[in-house]
Amino acid sequence: MWPLVLVLLWSCLLFPGCGALVGPKEISGFEGDTVSLQCTYREELRKHKKYWCKESGFIISRCSSTVYAGDDGQERTEGRVSLQDNPQELTLKVTLRKLTLQDAGKYFCGVSKLGRDESFLVSLLVFPGTLRPSTQPEPASTEDTPLAPSRTSLSRVSIPMVRILAPVLVLLSLLLAAGLAALGSYLLRWRKEAQLATETQRSEKVHLSHLNQTLSEQDPGVFG
């Protein structure tokens, strides 16, 4: 039994998320940014006091600049740090505003309790503002390059145009199909009438030829 308990305790030390309080191991931002993180705690810590502090001390870790969350679930702000405890979701939200290079370091997301507090260590990295990538596009010279609509504007225009032209294209397709059907019917009727006229002329010629032959046999002098 004891070996199993020792294995479970060792597993909790090795794998994150096994403790009563968990959260991100590291967050980062540039100077002047606002960053947020969320620590999650277990049900048994719902009514305990939550706090955020910076780690200090070389040999023994201790808290400095501690900020406590309010008991009413409302966001509480102290300086550039805001805390909001949400007992319904068992989460503590921490927001750090207007970061400076001096803010970099290790912090504790903690819960006060009898005996040893439950805490989670978070590393905050702050990068100089000069390293921030530029998001503004380079200005284009209007004298050398002609103005052209952007791809976004083209897509916004093309969608309504397609919606407008779609019924017109369908109507034109129906009219074209009806015209082709009418033309085919007319050509078929004309062909039948032409065949009928040809057969009528042929029968008339045969009838006249037969009539002439009959008359010549009856009165040879008529055609002699």
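Side chains included, hydrogens not; waters and symmetry mates left out as well; all remaining heavy atoms used.
Residue pairs meeting the ring-ring contact (aromatic ring centres under 6.0 Å, His included) criterion with at least one partner in residues 81-114, sequence neighbours excluded, are Trp52-Tyr107. A side chain to side chain donor-acceptor pair (under 3.5 Å) check over residues 69-82, counting only residues at least two apart or in different chains, returns the pairs Lys49-Asp71, Thr77-Ser82, Arg80-Asp103, Ser82-Arg97.
Remark: Glu55 pairs with Ser61 by the side-chain hydrogen bond (donor to acceptor under 3.5 Å, both in side chains) rule, at least two apart or across chains. A search for side-chain hydrogen bond (donor to acceptor under 3.5 Å, both in side chains) contacts involving Thr91 returns nothing, not counting sequence neighbours. For Arg46, the side-chain hydrogen bond (donor to acceptor under 3.5 Å, both in side chains) partners at least two apart in sequence or on another chain are Glu43.
Summarising the geometry of Leu21 relative to Ser119, their closest heavy-atom pair is CD2-CA, 3.7 Å, with the distance given to 0.1 Å. In this structure, Phe127 and Ser28 approach most closely via the heavy-atom pair CE1-CB, 3.7 Å. Closest approach of Leu92 and Tyr51 over heavy atoms only: CD2-O, 4.1 Å. Here the closest heavy-atom approach between residue Gly70 and residue Asp85 is recorded as O-CB, 4.2 Å. Taking both residues in full, the closest heavy atoms of Tyr68 and Ser112 are given as CE2-OG, 4.1 Å, listed atom of the first, atom of the second, then distance. The minimum heavy-atom distance linking Phe30 with Pro128 is given by the pair CD2-O, 3.4 Å.
Hydrophobic clustering (ILVMFWY, side-chain heavy atoms < 4.5 Å, transitive): Leu96 and Leu101 are in one cluster.
Between Lys93 and Asn86 the shortest side-chain heavy-atom distance does not fall below 4.5 Å. Using a 4.5 Å heavy-atom threshold, the side chains of Tyr41 and His48 count as separate. A heavy-atom distance below 4.5 Å is found between the side chains of Ser56 and Arg62. Contact check for Val126 versus Thr100: no side-chain heavy atoms found under the 4.5 Å cut-off. Side-chain contact between Lys25 and Ser123 is absent, with no heavy-atom pair separated by less than 4.5 Å. With contacts defined as side-chain heavy-atom distances shorter than 4.5 Å, the pair Leu99/Glu31 does not qualify.
Note that the CD atom of Glu118 and the SG atom of Cys39 stand 12.5 Å from one another [nearest 0.5 Å]. Interatomic distance, Cys53 SG to Asp117 CG, rounded to the nearest 0.5 Å: 9.0 Å. Atoms CD and OG1, on Gln38 and Thr95 in that order, are 10.0 Å from each other to the nearest 0.5 Å. The CD atom of Glu26 sits 9.0 Å away from atom CG of Leu124, with the distance rounded to the nearest 0.5 Å.
Other members of the hydrophobic cluster containing Leu187, listed by chain and number, are Leu183, Tyr186; membership follows side-chain contacts under 4.5 Å among ILVMFWY residues, whether direct or relayed.
Checking side-chain atoms of Thr198 against main-chain N and O of Ala194 turns up a donor-acceptor pair under 3.5 Å.
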